[in-house]
Structure formats: C-alpha cells, structure tokens
Amino acid sequence: MDFNRITAAEAAALVQNGQTIGLSGFTPAGVPKCTPAELAKKAEAEHAAGRPFKVSIFTGASTGQSCDGVLSNANAIDFRAPYTTNPDFRKNVNRNSLRYFDYNLSNMATQIRQGYLGPIHWGIIEACAIEKVGTKAHIYLTAAGGISPTVCRLASEGIIVELNAFHSAKSMGMHDVYEVEDHPYRTPIMITKASDRIGKPYVEVDADRIVGVIECNVPDEARGFKDADPITTQIGQNVADFLLDNLRSGLIPKSFLNLQSGVGSGANAVLGALGQCPEVPNFNIYTEVLQDAPVGLMKQGRVLSASTCSLTVTNECLQDVYANMDFFKDKLVVRPSEISNSPEVIARIGVCSLNTAIECDLYGHVNSTKICGTKMMNGIGGSADFTCNAYLSIFTCGSTTKGGAISSIVPFASHIDHTNHFIDAVITEYGVADLRHKSDMEKAKELIKVAHPDYRPMLTDYLNHASKKGGHTQHELAAAFAMHDTFVRKGDMRLTDLAEYIK
C-alpha cells in the first residue's frame with residue numbers, strides 16, 4: 001500500500017474551524033468512526049482554550065454515536081444534513097444547538113454538486129481495501145454507498161481513508177459505483193432490474209489526493225432489531241393479504257413488484273412476515289436499506305436479488321454476508337444513494353414501497369418525522385423518494401403507541417411529510433385503508449376503520465362536526481389538533497373532550 005499512514009488524531013488536526021466534511025456511509029453502516037471521534041476531542045480542547053471550533057457535516061444518511069453523537073455533544077457541529085436517528089444528536093437538534101436540514105436523500109449528492117450547500121473541504125471515507133493503480137487510487141467501500149463518489153470528487157483539501165479491517169476484503173466487488181452527470185447533460189440511468197450493474201466496484205480518485213490512510217478495526221454501530229410481536233406480525237399479514245388481493249385481481253403484475261422497505265424494527269418485521277407468507281411469490285428488492293430479515297430471505301431463496309444503498313444489519317448478519325460472498329456476489333448490489341433512491345429508476349422498474357408512519361390524518365396525509373409537529377424523531381430519509389414514484393405506495397403503523405395513549409390515526413397530522421396525492425394505502429393491525437380512487441371524505445371513513453377501537457368514536461365524532469363546515473376536505477379547525485393538545489397537557493389522547501374545543 002503506497003499511501004501515507006496517519007493516526008485519527010493526526011487526521012483531525014488537519015480539519016480547521018468552519019470547514020465542511022463529507023463522510024461515507026448511510027445509516028451507521030459504512031461511516032468512518034475514528035476521525036469524527038477525534039474531532040470531538042479537538043472541539044472540546046479548543047472550546048476549553050476559548051477558541052471556536054465547529055464543522056459542517058454532509059453524509060448519505062444518519063451516522064452513529066461515534067460521529068453524530070459525540071460531535072453534537074461536543075458542540076462541534078455547525079450545520080448537518082441530511083437525516084438523523086442518533087438519540088444524542090436528536091436532543092441537540094430539538095434544543096436548536098446546531099443547524100440541521102432534513103432532506104430527501106436522493107437529492108443530497110446533487111445539491112452538493114450544484115453548490116447549494118457550499119464547498120466540501122475534506123472527504124473521510126471508510127474502506128475495506130484501497131489500492132494504487134498507476135496515478136489512480138481505487139477505494140473499495142464497506143457496508144454502504146451513500147454520497148461517497150461525490151464527496152471524493154469534490155473534497156478540495158483531500159481525502160482521508162479509514163481502512164477498517166472489521167470489513168472483509170472479500171466484499172470487494174459488492175458495490176456498483178456510479179455518479180450521474182450534472183444538469184443539463186444527464187443521461188438515463190440504465191437500470192431495468194434490481195440486479196443490474198452500471199458502474200465500477202470502487203471509487204476512483206487521483207492517488208495524490210489521498211492525504212492519509214488510517215488503519216483500524218472498529219465494528220459498525222449496528223442497531224439490534226426487536227423481535228416481531230403480535231402487532232407487527234398482523235401488520236405484515238395484512239400487507240401480504242393486500243398485495244395478494246391486488247395480484248389476483250390483476251392490479252399488480254403477475255411477476256410481482258420489487259419491494260422497498262424503510263428502516264427500523266417494524267419495517268424489518270413486516271418484510272420478514274411477507275417473506276414467510278407462502279402465497280407471496282419470490283421477489284426482488286430495490287431499496288435504500290437492507291436489514292436482517294431480507295438477508296435471511298435471500299438465503300432461503302425467497303428474495304431473488306437485492307439492490308440497496310446500505311447493509312443496515314446487525315454485525316452478526318454482516319459478517320455472515322462477508323463469509324458467504326460467493327453466494328451473495330451475484331444477488332446483492334450496493335449503490336450510491338442517488339442511484340438507490342433515484343425517482344427515475346423507482347418509477348421505471350415497478351416498486352412497492354413500504355414505509356412507516358408516525359401518524360396519518362383522516363385524509364391520508366402522513367407525518368413520518370416529527371412528534372406533535374415539533375420534535376424531530378427521524379429525518380424524512382428516502383421515504384418520499386419511494387412514495388412519490390412507486391407503483392404502489394404503502395405506509396404501515398401500529399394503531400397506537402405509548403400503551404394506547406397516542407393514536408396513529410388523527411384528525412389532522414401535526415406535520416406533513418407525504419401528502420395524500422401519493423399514498424395508496426395505510427395499513428395497521430386492524431386492516432387496510434385502501435385510499436385509491438376515493439374522495440377525501442371516503443378516505444376518512446376508510447382510515448377510521450383501521451384506527452384503534454378506542455379512538456374510532458372520537459374520530460367519527462370529529463368527522464361529524466367537521467361535515468357541518470362543508471368543503472371538499474372537511475375540518476373543524478378549532479378541534480383539528482385537540483387530540484395532540486390533550487396529549488401534551490394530559491399525557492393521553494383518550495382523555496380528549498371535543499366539546500372543549502368546539503364552541
């Protein structure tokens with residue numbers, strides 16, 4: 001390896017106050033872990049000495065505690081985009097101690113190239129291998145694609161590579177690295193099925209732009225998954241029944257659809273339940289995150305191929321993938337986020353999107369990011385990329401949370417990420433609200449059917465009051481957020497008395 005070897009502390013020393021860092025990774029998978037942690041130490045030392053030190057950070061999606069967590073706690077982040085899941089980072093976002101921009105993931109690399117987000121000074125990239133070929137360096141990424149190609153091309157000060165031995169070099173070739181052209185000269189992305197490859201297995205840069213290579217052996221900060229419970233199992237069965245009904249009636253192709261599933265234990269359980277339903281045909285996956293359940297389904301032959309941006313799996317599952325690359329090499333492809341989440345590709349190949357809602361209102365608008373409209377839970381991620389362009393767009397959620405104190409079906413969503421124009425169905429453990437070919441008032445009646453029984457009378461009462469106001473979409477504005485207001489004041493939406501709000 002003909003590259004300068006440095007430590008993470010030496011790498012952090014190169015980064016100056018006010019600069020912008022672009023990181024590899026997508027979710028905690030594939031994110032460099034050593035240098036960001038050293039940057040947090042540097043920030044604390046600089047602040048203790050009375051000097052300012054903050055950096056801006058661009059990534060493919062969220063990161064883990066060794067990056068978003070420690071940096072936000074050290075007050076080292078000026079601006080951050082896009083997406084978040086880390087609890088400490090979330091706390092700092094919600095107390096407005098840093099500037100955070102939530103953004104559709106398919107557009108992140110494009111926004112950087114267009115210059116809207118300012119320059120990138122440093123690229124910090126996690127790799128399983130790096131090689132010098134003539135004047136070029138080939139960087140083989142680890143468990144995620146993210147925005148790495150764009151970061152590496154545009155980092156003005158240079159590229160720092162964390163060569164992480166935790167990620168097996170056997171995974172070389174798993175990636176399909178492709179960067180779209182700048183406007184207005186973009187050509188079509190020539191992907192017609194999930195298993196297609198159109199790029200290179202590595203990120204290629206001029207070798208002299210590699211400032212240093214840090215050798216390390218650090219596991220991914222993988223999140224474990226909750227076991228399927230009766231609610232997620234029933235939701236999964238309801239999704240499977242809905243898709244099978246559509247298949248039998250000819251509303252989806254006999255060859256079935258490519259499936260996309262969002263991140264989290266609920267999404268993992270739903271996809272697992274789908275795979276266990278024998279009537280669901282073997283299927284392909286075109287998604288942004290691949291979790292444990294679909295990896296297991298690949299080994300069972302239920303998932304024929306999978307395209308993703310990130311192996312958002314437990315470390316045990318990841319090591320199993322690495323140990324069986326002979327099996328996975330022609331079935332699994334990892335792409336940059338602007339390809340995995342490309343609206344063009346999603347619309348072309350026929351995707352059924354399965355994403356998770358925090359809440360859905362009576363007219364089918366979905367909030368997937370903010371609690372009671374103010375507190376950021378997670379960013380929008382790629383859910384809009386898929387929802388707006390899918391052949392069939394589905395949102396799932398348990399009918400209640402917090403032991404029943406919060407209804408997931410509400411009169412008016414306290415924040416809207418996805419409008420009802422793009423949402424085909426909302427599915428809870430109580431059934432399917434099929435919103436296709438229905439007026440707004442018809443959608444409301446469908447959604448009340450899948451609400452928890454404790455809340456159906458209240459939602460029906462609200463709708464009856466709202467109907468007196470008239471209009472295409474009927475609302476009693478004085479009571480539209482009565483359930484949210486009651487939860488904030490009393491801790492339980494079930495205590496809502498609409499008469500308090502309707503005069």
Side-chain angles (χ1 to χ4, degrees), residues 8 11-12 14-16 19-40 42-43 54-72 74 76-86 89 98 100-101 103 105 108-109 111-113 117-128 130 139-164 166-167 175 177 179 203 205 209-214 216 218 220-221 288-289 309-312 334 336-338 379 381:
L14 297 171
V15 180
Q16 302 303 307
Q19 290 187 326
T20 296
I21 301 167
L23 301 179
S24 63
F26 191 100
T27 71
V31 176
K33 305 158 188 69
C34 301
T35 309
E38 290 295 332
L39 280 170
K42 178 178 179 177
K54 286 188 176 184
V55 295
S56 295
I57 299 175
F58 301 153
T59 68
S62 58
T63 72
Q65 183 64 21
S66 63
C67 185
D68 276 345
V70 297
L71 284 168
S72 60
I77 300 177
D78 175 28
F79 180 83
R80 169 80 167 84
Y83 197 62
T84 173
T85 57
N86 178 265
F89 182 82
L98 59 88
Y100 170 65
F101 182 44
Y103 204 59
L105 301 185
M108 188 63 191
Q111 289 275 301
I112 293 171
R113 287 194 297 268
L117 301 178
I120 288 183
H121 298 96
W122 295 98
I124 307 177
I125 308 296
E126 185 180 79
C128 67
I130 181 171
I139 304 171
Y140 292 86
L141 302 173
T142 59
I147 58 173
S148 296
T150 297
V151 165
C152 287
R153 186 164 60 81
L154 296 181
S156 60
E157 298 298 316
I159 301 164
I160 297 163
V161 175
E162 290 193 8
L163 185 61
N164 192 345
F166 175 78
H167 296 280
H175 285 261
V177 179
E179 189 179 15
V203 178
V205 299
R209 297 186 59 235
I210 306 294
V211 174
V213 173
I214 301 160
C216 60
V218 184
D220 267 350
E221 294 172 300
E288 57 183 346
V289 290
C309 180
S310 172
L311 294 174
T312 308
V334 181
S337 51
E338 68 179 340

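- Within the 4.5 Å cutoff, the side chain of His175 has no heavy atoms near those of the Tyr140 side chain.
- With a 4.5 Å cut-off on side-chain heavy atoms, Ser337 and Ile147 count as touching.
- In this view, Glu162 satisfies the salt bridge (Lys or Arg N to Asp or Glu O under 4.0 Å) rule with no residue, not counting sequence neighbours.
- Considering only residues two or more places apart in sequence or on other chains, Glu179 meets the salt bridge (Lys or Arg N to Asp or Glu O under 4.0 Å) condition with Arg113, Arg153.
- With contacts defined as side-chain heavy-atom distances shorter than 4.5 Å, the pair Thr142/Val31 does not qualify.
- Among the candidates Ile210, Leu163, Ile160, Leu141, the single residue satisfying the side chain to side chain contact (heavy atoms under 4.5 Å, CB included) test with Ile125 is Leu141.
- The two atoms that bring Gly145 and Ser148 nearest to each other are O-OG, 3.2 Å, heavy atoms only.
- Remark: Ser24 pairs with no residue by the side chain to side chain donor-acceptor pair (under 3.5 Å) rule, at least two apart or across chains.
- The side chain to side chain donor-acceptor pair (under 3.5 Å) test with Asp68 is passed by exactly one of Thr84, Thr63, Thr59, Asn86: Thr63.
- Side chain of Tyr100 to backbone of Tyr83: a donor-acceptor contact under 3.5 angstrom is found.
- At a threshold of 4.5 Å between non-hydrogen side-chain atoms, the residues Val55 and Trp122 do not count as touching.
- For Glu221, the side-chain contact (heavy atoms from CB on, under 4.5 Å) partners two or more places apart in sequence, or in a different chain, are Pro28, Gln65, Ser66.
- Atoms CE and CZ, on Met108 and Phe101 in that order, are 8.5 Å from each other to the nearest 0.5 Å.
- For the pair Pro336 and Pro149, the minimum side-chain heavy-atom distance is below 4.5 Å.
- Every residue meeting the side-chain contact (heavy atoms from CB on, under 4.5 Å) condition with Ser56, not counting sequence neighbours, appears here in chain and number order: Thr20, Asp78, Phe79.
- The stretch residues 22-37 participates, sequence neighbours left out, in these salt bridge (charged side-chain N to carboxylate O under 4.0 Å, His left out) pairs: Lys33-Glu126, Lys33-Asp220.
- With values rounded to the nearest 0.5 angstrom, Ile57 atom CD1 is found 12.5 Å from Gln19 atom CD.
- You'll find the side chain of Val151 stays beyond 4.5 Å of the side chain of Leu23, heavy atoms only.
- To the nearest 0.5 Å, atoms OG1 (Thr150) and CD (Gln111) are separated by 12.0 Å.
- Between Ser72 and Arg80, the side chains place no donor N or O within less than 3.5 Å of an acceptor N or O (distance only, hydrogens not considered).
- Counting heavy atoms from C-beta outward, Ser156 and Ile120 have side chains that stay 4.5 Å or more apart.
- Judged purely by atom type and a 3.5 angstrom limit, Arg209 uses its side chain to pair as donor or acceptor with the backbone of Ala155.
- For the pair Ile214/Thr35, a side-chain contact is recorded, criterion being any heavy-atom separation below 4.5 Å from C-beta on.
- Rounding to the nearest 0.5 Å places CZ of Phe166 at 12.5 Å from SG of Cys128.
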